[in-house]
Amino acid sequence: LWAGGTLGTSAGTLSLQFGATGTVNNTVQLNRTFSNTGTTSVSGAFNTSSTGIINNGTTGTMNLTGTGTQASGLGAFNNLGTLKKTAGPVSIIDLPYTNQGPSTLQIDDNRSLQFVATRFTQNSGVINLVGTNSLLDVGGSFTNNASGSIRGKGTFQMSGGTLTNNGNLVPGGAASIGQLTIGGVLNQSATGKMTMEINGAGSTHDSVYVSGYNATLAGAMDIDTGTYQPTSGVTYGMVSSSGGSVSGAMTVSGGAFTYTSAPAGSQYDVKWLMRTILATDAYARQSRTRSALEQSPFVANCPQRLRADQ
């Protein structure tokens with residue numbers, strides 16, 4: 001239990017080892033490095049000097065359970081493990097923050113984590129917005145690097161800034177249908193991609209919603225339909241914007257899809273063109289036995305003509 005006080009001078013490191021647990025339940029003045037490779041719950045706050053560094057190691061888990069500013073000062077916060085917002089309505093981090101692979105930054109449902117502007121500007125790990133009411137506010141423009149992933153069902157807020165996606169956007173998360181909301185401009189580069197799932201008709205599919213801003217799309221969209229067989233000609237709205245436009249095109253893979261845009265230019269749709277061709281009645285082959293008068297030594301197969309829309 002760390003109930004307050006000051007952690008020493010700039011020399012040395014305080015370490016919480018793998019398998020150990022710790023609690024910070026008051027404000028602590030941090031003047032040296034704190035290295036967490038165990039599990040630390042923080043309901044209080046870290047105030048750091050220029051030599052006060054928070055290092056959450058690859059085996060470390062840090063749970064933010066308080067409210068208000070929980071890390072601030074002149075130091076830095078480096079996450080290589082797992083940082084979670086698990087309790088309390090809103091936590092604020094006012095320190096330069098890095099989310100490096102294979103790290104995870106997770107915001108549970110009905111929880112919010114805010115970074116003061118320019119404190120968290122790029123991601124090389126995983127950002128997981130678990131529930132529809134999960135909110136991460138980075139306060140300005142942001143880059144999701146090639147190794148970075150932003151996933152889940154919540155809102156990624158940038159206060160009108162631009163999200164440049166060079167990595168992966170995964171609405172809903174793995175094996176989970178959902179909508180990922182972007183609160184700012186979305187620019188997906190040629191190296192960026194979206195990983196989507198379609199599990200049924202209607203709204204049973206993943207989507208990205210850009211709230212109030214434009215979306216410019218390049219790169220790829222990978223679609224997984226699992227065991228679901230879409231109906232020929234059905235259109236799925238995968239990216240949409242309210243108050244902005246959607247432009248550009250992505251290379252769509254994962255099935256017989258083609259790109260089609262809504263007339264208003266506020267949505268990016270994909271249309272399922274056909275079922276697996278051998279499963280359609282239109283391509284059923286009929287076989288007949290050669291009669292004595294026929295000269296061909298082979299069995300004749302007479303494929304039916306495909307309709308123009310197949």
Side-chain angles (χ1 to χ4, degrees), residues 39-43 56 61-71 77 79 81-95 97-99 101-117 119-145 148-163 165 167-186 194-197 199 203-213 215 238-242:
T39 300
T40 300
S41 294
V42 183
S43 59
N56 195 39
T61 297
M62 189 172 291
N63 298 310
L64 300 178
T65 62
T67 189
T69 301
Q70 292 206 260
F77 195 143
N79 183 34
T82 301
L83 176 65
K84 297 180 180 180
K85 174 58 178 170
T86 58
V90 181
S91 290
I92 300 170
I93 294 179
D94 189 5
L95 281 177
Y97 175 86
T98 59
N99 208 52
S103 62
T104 296
L105 173 60
Q106 178 173 306
I107 318 299
D108 287 354
D109 200 15
N110 299 308
R111 310 298 175 200
S112 297
L113 179 60
Q114 298 178 5
F115 287 86
V116 173
R119 295 302 207 179
F120 183 26
T121 60
Q122 58 181 315
N123 172 54
S124 296
V126 174
I127 295 172
N128 189 11
L129 303 170
V130 174
T132 55
N133 294 310
S134 300
L135 171 67
L136 175 62
D137 187 346
V138 296
S141 294
F142 192 87
T143 299
N144 189 39
N145 294 328
S149 173
I150 302 174
R151 59 184 60 212
K153 305 173 184 178
T155 298
F156 188 89
Q157 179 68 42
M158 294 166 292
S159 302
T162 297
L163 171 61
N165 181 40
N168 197 5
L169 299 183
V170 189
S176 179
I177 296 297
Q179 175 178 280
L180 179 63
T181 299
I182 307 298
V185 176
L186 173 61
M194 298 182 184
T195 300
M196 306 286 211
E197 294 172 305
N199 284 349
S203 61
T204 316
H205 61 83
D206 289 330
S207 62
V208 173
Y209 171 63
V210 181
S211 179
Y213 298 91
M238 309 303 279
V239 183
S240 62
S241 171
S242 63

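A side-chain donor-acceptor contact under 3.5 Å links T67 to the backbone of V90. Under the 3.5 Å distance criterion, the side-chain polar atoms of N56 are matched with a main-chain donor or acceptor of T82. Side-chain atoms of E197 come within 3.5 Å of backbone N or O of A175 as a donor-acceptor pair. Side chain of N199 to main chain of T204: no donor-acceptor pair is present (N/O by atom type, distance under 3.5 Å, no hydrogens or angles). Panel note: side chain T65, backbone V42; a donor-acceptor pair is recorded below 3.5 Å. The closest donor-acceptor contact from the side chain of K85 to the backbone of G88 lies under 3.5 Å.
Between atom CD1 of residue I93 and atom CG of residue L64 there is a gap of 5.5 Å, rounded to the nearest 0.5 Å. Taking CG from L169 and CG from D206, the interatomic distance works out to 11.5 Å, rounded to the nearest 0.5 Å. Atom CZ of F115 and atom CZ of F142 lie 8.5 Å apart (nearest 0.5 Å). With rounding to the nearest 0.5 angstrom, the CE atom of M62 is 9.5 Å from the OG atom of S41. Rounding to the nearest 0.5 Å places CZ of R111 at 13.5 Å from NZ of K84. To the nearest 0.5 angstrom, S141 atom OG is 9.0 Å from L163 atom CG.
Within the 4.5 Å cutoff, the side chain of S207 has no heavy atoms near those of the M238 side chain. The shortest side-chain heavy-atom distance between L113 and L135 does not fall under the 4.5 Å cut-off. Annotation: side chain of D137 is in contact with side chain of S159 (closest heavy-atom distance under 4.5 Å). Residues V138 and T121 are not in side-chain contact: their nearest non-hydrogen atoms beyond the backbone lie 4.5 Å or more apart. V208 has its side chain within reach of M194: a pair of non-hydrogen atoms, C-beta onward, lies under 4.5 Å apart. The shortest distance between side-chain heavy atoms of N63 and T40 does not fall below 4.5 Å. At least one side-chain heavy atom of F156 sits under 4.5 Å from a side-chain heavy atom of I150.
For the residue pair M158 and I182, the shortest heavy atom distance occurs at CE-CG2, 3.6 Å. Closest non-hydrogen pair, D94 versus R119, comes out as OD1-NE, 2.8 Å. Residues S124 and N145 approach most closely at OG-ND2, 3.0 Å, considering heavy atoms. G152 and N128 get closest at one heavy-atom pair: CA-OD1, 4.2 Å. Smallest separation of non-hydrogen atoms from G131 and S134: N-OG, 2.9 Å. Nearest heavy atoms, G178 versus P171: O-CB, 3.6 Å.
Inspection of the K153 and T132 side chains reveals no N or O donor paired with an N or O acceptor under 3.5 Å. Judged by distance alone, the side chains of N168 and T195 do bring a donor and an acceptor atom under 3.5 Å apart.
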Practice task
For Y209 and S241, run side chain to side chain donor-acceptor pair (under 3.5 Å): C-alpha distance rounded to whole Å, both residues' side-chain angles, the deciding distance at 0.1 Å, then the answer.
Solution key: CA-CA 6 Å; Y209 171 63; S241 171; over 6 Å; no

Exercise for the section: Could you walk me through whether T155 and L129 pass side chain to side chain contact (heavy atoms under 4.5 Å, CB included), step by step? Expected result: CA-CA 7 Å; T155 298; L129 303 170; 5.7 Å; no

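Tested against T104 for a side-chain contact (heavy atoms from CB on, under 4.5 Å), the candidates L83, N79, I127, V126 yield a single pass: V126.
Classified by interplanar angle (parallel below 30°, tilted 30° to 60°, perpendicular above 60°), the ring pair Y97/F120 is perpendicular.
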